[in-house]
Visitor: 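Mind looking over this structure? Questions follow.
Computed from a predicted structure; not experimentally measured.
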Amino acid sequence: MKPEFICIGAMKAGTSWLFRRLREHPEFSLPPVKEMHYFDRSSSYPSLNTLAETKLLSRLWMRDYIRTGAKAVFGSLKSRNVRLAKWWMLYYFHNFSDKWYIKLYEMQPGITGDITPGYSILNREDVERIQKVAPRAKLIFLIRNPIERAWSHYRFTEKLGGSIELDNLAGFKAFIDSSRQSLRSDYLRTIDLYLEVFDSSQLILGFYDAIQDQPEALLSGILDHIGAKNTAEHGRVSQVVNRSREVEIPESYRKYLESKYYGELKELSNRYGSYASKWFSRVSDEESDQENGVELSAVVYP
């Protein structure tokens, strides 16, 4: 049943890296749209929703919609890619439904899946919708130190506005405590919610840190989980995708994040060890992960 896998996030935790690596794999056939945003299309979610309008007639009145869709279709035909042209026709010029969603993936000849970080913030009702539409899908949840993830998210959001505020602690706290950020860093909520709906064998956790430290092990673990052969091109496997310009976090910002995520980091460390224990050691008075002999596994099963 397609899609064979769904990557549920997290945002700024390596999902673009995974998309790029799987597109290089000979067994995979991913659609041209990485983030489908089908299950988080409700306006109640702080997501960029391109699928908010279900009915085609409602979308035809949207500015440049027909032109954008026609450009995708005819561009594919111009390059003699009829299959891709048919995919774009279905994507742009049909009503959205569960059958429509499944058909988009059925048109892919190889292993395929949906990589949408916004799925990490779904409520139970929409997680149940995923289970109804793709009951056998393997789930992948890439997680990053929530302190670093939150800082990266803040930098990304501020960059869209043209500048990064480094001396506005009140504004920073407001962003960090907002639902659009807090939900994306609440890994325990996401994991527990999905495990209430899916079998635990369907979910794997991958650590962002492993993209640099042990990318082959990270990719191999994900491929094994999905059921694909470990024949990816490892020459570029450590290449970080969409890397942001490094900006050192102000001390006041860091202290606020450490206090906010201390409890979650401790619980992640207790549950999963590996890099989560390394994250916790940075904010606690406990010995380092090297001194404790923690094994840094690239992936773990919850």
Side-chain angles (χ1 to χ4, degrees), residues 1-11 15 18-19 22-23 28-62 65-66 68-69 72-73 76 83-142 183-184 189-204 225-228:
M1 298 179 65
K2 292 182 178 290
E4 286 91 345
F5 75 92
I6 298 176
C7 179
I8 62 174
M11 180 182 179
T15 59
L18 180 62
F19 181 70
L22 295 183
R23 292 194 73 177
F28 285 78
S29 176
L30 300 185
V33 175
K34 174 207 166 198
E35 299 184 19
M36 197 63 69
H37 285 293
Y38 180 66
F39 297 103
D40 63 334
R41 37 202 293 269
S42 169
S43 59
S44 64
Y45 294 118
S47 301
L48 295 175
N49 267 311
T50 57
L51 306 182
E53 291 290 348
T54 298
K55 299 296 184 182
L56 173 61
L57 287 178
S58 299
R59 282 178 275 125
L60 292 180
W61 296 102
M62 295 169 60
Y65 186 85
I66 296 178
T68 301
V73 172
S76 301
R83 183 178 65 82
L84 182 58
K86 291 181 178 179
W87 193 94
W88 284 122
M89 277 292 297
L90 179 63
Y91 180 79
Y92 278 106
F93 300 112
H94 283 74
N95 293 334
F96 300 146
S97 67
D98 291 349
K99 290 183 178 179
W100 168 87
Y101 176 83
I102 294 172
K103 182 63 177 178
L104 288 172
Y105 292 98
E106 288 180 340
M107 294 177 71
Q108 305 303 315
I111 298 174
T112 192
D114 182 352
I115 302 178
T116 302
Y119 295 164
S120 66
I121 65 174
L122 296 179
N123 58 34
R124 184 185 176 93
E125 180 181 1
D126 287 318
V127 173
E128 290 175 344
R129 288 184 60 228
I130 294 181
Q131 201 278 335
K132 179 182 178 181
V133 172
R136 300 179 186 175
K138 298 293 186 178
L139 305 177
I140 305 162
F141 190 28
L142 299 177
L183 283 173
R184 297 182 191 278
R189 171 197 173 275
T190 301
I191 294 168
D192 291 344
L193 181 56
Y194 273 86
L195 291 182
E196 290 176 4
V197 178
F198 286 87
D199 188 274
S200 59
S201 65
Q202 290 178 262
L203 176 63
I204 194 173
H225 179 62
I226 296 173

Visitor: Could you measure the distance from the OH atom of Tyr65 to the CG atom of Leu56? Nearest 0.5 Å is fine.
Guide: 6.5 Å
Visitor: So, do Tyr105 and Met36 sit near enough that their side-chain heavy atoms are less than 4.5 Å apart?
Guide: yes
Visitor: Show the nearest heavy-atom pair for residues Ile121 and Gly118, with the distance to one decimal.
Guide: CG1-O, 3.1 Å
Visitor: Can you confirm whether Trp100 sits close enough to Asn95 that some side-chain heavy atom of one is under 4.5 Å from a side-chain heavy atom of the other?
Guide: no
Visitor: Testing the basics here: between Ala10 and Phe141, what is the closest heavy-atom pair and its distance to 0.1 Å?
Guide: N-CE1, 3.7 Å
Visitor: Kindly give the heavy-atom pair with the smallest separation between Lys34 and Thr116, and that separation in Å.
Guide: O-OG1, 4.3 Å
Visitor: Using a 4.5 Å cut-off on heavy atoms from C-beta on, say whether the side chain of Arg41 contacts that of Thr54.
Guide: yes
Visitor: So how far is it from Arg136 CZ to Gln202 CD, rounded to the nearest 0.5 Å?
Guide: 10.0 Å
Visitor: Please check: side-chain N/O of Ser120 versus main-chain N/O of Arg184, any donor-acceptor pairing under 3.5 Å?
Guide: no
Visitor: I'd like to know whether Trp88 forms a side-chain contact (heavy atoms from CB on, under 4.5 Å) with Thr68, so could you lay out the CA-CA distance, the side-chain angles of the two residues, the decisive distance to 0.1 Å, and finally the verdict.
Guide: CA-CA 10 Å; Trp88 284 122; Thr68 301; over 6 Å; no
Visitor: Would Arg124 and Glu128 satisfy salt bridge (charged side-chain N to carboxylate O under 4.0 Å, His left out), going step by step from the backbone distance to the final call?
Guide: CA-CA 6 Å; Arg124 184 185 176 93; Glu128 290 175 344; 2.9 Å; yes
Visitor: Mind checking whether Arg189 and Leu183 have side chains closer than 4.5 Å, heavy atoms only?
Guide: yes
Visitor: Measure the spacing between OH of Tyr119 and CG of Asp114 and express it to the nearest 0.5 Å.
Guide: 3.5 Å
Visitor: Which atom pair, heavy atoms only, marks the closest approach of Ala137 to Pro3?
Guide: CB-O, 3.7 Å
Visitor: Run the side-chain contact (heavy atoms from CB on, under 4.5 Å) test on Ile140 and Ile115 for me, step by step, so that the C-alpha distance in whole Å, both residues' side-chain angles and the decisive distance to 0.1 Å come before the verdict.
Guide: CA-CA 9 Å; Ile140 305 162; Ile115 302 178; over 6 Å; no
Visitor: Taking all non-hydrogen atoms of both residues, which atom of Leu30 and which atom of Gly113 are closest, and how far apart?
Guide: CD2-N, 3.7 Å
Visitor: Kindly assign one of parallel, tilted or perpendicular to the pair Tyr194 and Phe198, based on the angle between their ring planes and the thresholds 30° and 60°.
Guide: parallel
Visitor: Does Asn123 use its side chain to pair, donor to acceptor, with the backbone of Asp126 at less than 3.5 Å?
Guide: yes
Visitor: Sequence neighbours left out, what passes side-chain contact (heavy atoms from CB on, under 4.5 Å) with Lys99? Give chain and number order.
Guide: Ser97
Visitor: Could you tell me the separation between the CZ atom of Phe96 and the NZ atom of Lys55, rounded to the nearest 0.5 Å?
Guide: 11.5 Å
Visitor: Do Pro31 and Leu104 have side-chain heavy atoms sitting under 4.5 Å apart?
Guide: no
Visitor: Check whether any side-chain heavy atom of Thr15 lies under 4.5 Å from a side-chain heavy atom of Phe19, and answer yes or no.
Guide: no
Visitor: Just do the side-chain contact (heavy atoms from CB on, under 4.5 Å) check on Lys2 and Lys103 with the steps written out, would you?
Guide: CA-CA 8 Å; Lys2 292 182 178 290; Lys103 182 63 177 178; over 6 Å; no
Visitor: Is the shortest heavy-atom distance from the side chain of Tyr38 to the side chain of Arg129 under 4.5 Å?
Guide: yes
Visitor: Once you round to the nearest 0.5 Å, how far does CG of Leu22 lie from SG of Cys7?
Guide: 9.0 Å
Visitor: With rounding to the nearest 0.5 Å, note down the distance linking CG in Leu195 to CG in Leu139.
Guide: 9.0 Å
Visitor: Taking the side chain as every heavy atom from C-beta outward, state whether Tyr45 and Leu122 have any atom pair closer than 4.5 Å.
Guide: yes
Visitor: Which pair of non-hydrogen atoms, one from Glu53 and one from Met62, has the smallest distance, and what is that distance?
Guide: CG-SD, 4.3 Å
Visitor: Using 30° and 60° as the class boundaries, would you call the ring planes of Phe28 and Phe5 parallel, tilted or perpendicular?
Guide: perpendicular
Visitor: Has Ser29 got a side-chain atom pairing as donor or acceptor with Thr112's backbone, closer than 3.5 angstrom?
Guide: no
